[in-house]
Amino acid sequence: MLKAIYPGSFDPVTMGHWDLILRAEKLVDHLVVAVLHNPAKKPCFSVAERAGFLREILADHPKVEVLTFNGLLVDLARQTNAQCIVRGVRAFSDFEYEFQMALMNRKLAPELETVFLMPKEKYSAVSSRLVREIGSMGGNLSDLVPDALRERIAGRLNKT
Ligand code: PNS
């Protein structure tokens, strides 16, 4: 049974994340979407909100489970018996950061493989940071975040 972890901050979940989850779930038997709870960072959405959004849009995806975590990703991978980490690469600019993380995770847990997937080209420029910026200025979030969440995400960001 192939089990993978797709970790991230998901602050908030974007269409790029969503596209990647759909690609990853086709490749594995079980996918853990792991939402980072890092008290040192000040996210815009609480960890409960971020995980709640994901659980809502993934309610009819039985292969996908949403967890929150703090501490090392490799520890969560070991606890959940995942064999691989999935990460998205949108553009060349993502590569250096992703490469460093993948190599460091390999040093910490040589048995784990990191697998990179590319989201649809139209999501190459979509990031949580830009969604937060656009939303906080009242911009249109359609095709940037999942439809079912758009109004709530926009409403929350507009108040920030
Ligand atoms: O969506 P992000 O913010 O790019 O995701 C980054 C994430 C959560 C994958 C990364 O920060 C992470 O794995 N954090 C957990 C702590 C950890 O394992 N750090 C060592 C990474 S080599």
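Because the structure is predicted, anything quoted here is derived from the model rather than measured. Each ligand, and each atom within it, is numbered from 1 in the order the structure gives. Every heavy atom of this structure was used, including side-chain atoms; hydrogens, water molecules and symmetry mates were not.
- A donor-acceptor distance shorter than 3.5 angstrom exists from the side chain of Arg87 to the backbone of Pro7, with no hydrogens or angles considered.
- Contact residues for ligand 1 (protein heavy atom closer than 4.0 angstrom to any ligand atom): Pro7, Gly8, Ser9, Leu36, Phe69, Gly71, Leu72, Leu73, Arg87, Tyr97, Met101, Met104, Asn105.
- Side-chain rings of His37 and Phe69 stay apart, their centers remaining 6.0 Å or farther from each other.
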For this session: Go through the steps to decide whether Lys3 and Asp29 satisfy the test salt bridge (Lys or Arg N to Asp or Glu O under 4.0 Å), and finish with yes or no.
Result: CA-CA 6 Å; Lys3 194 165 180 178; Asp29 300 299; over 6 Å; no

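- Taken from CG in Leu130 to CG in Leu141, the straight-line distance is 11.0 Å, to the nearest 0.5 Å.
- Ring pair Phe53/Phe45: centre-to-centre distance below 6.0 Å.
- In this structure, Ile5 and Val86 have side chains that are not in contact, with every pair of non-hydrogen atoms separated by 4.5 Å or more.
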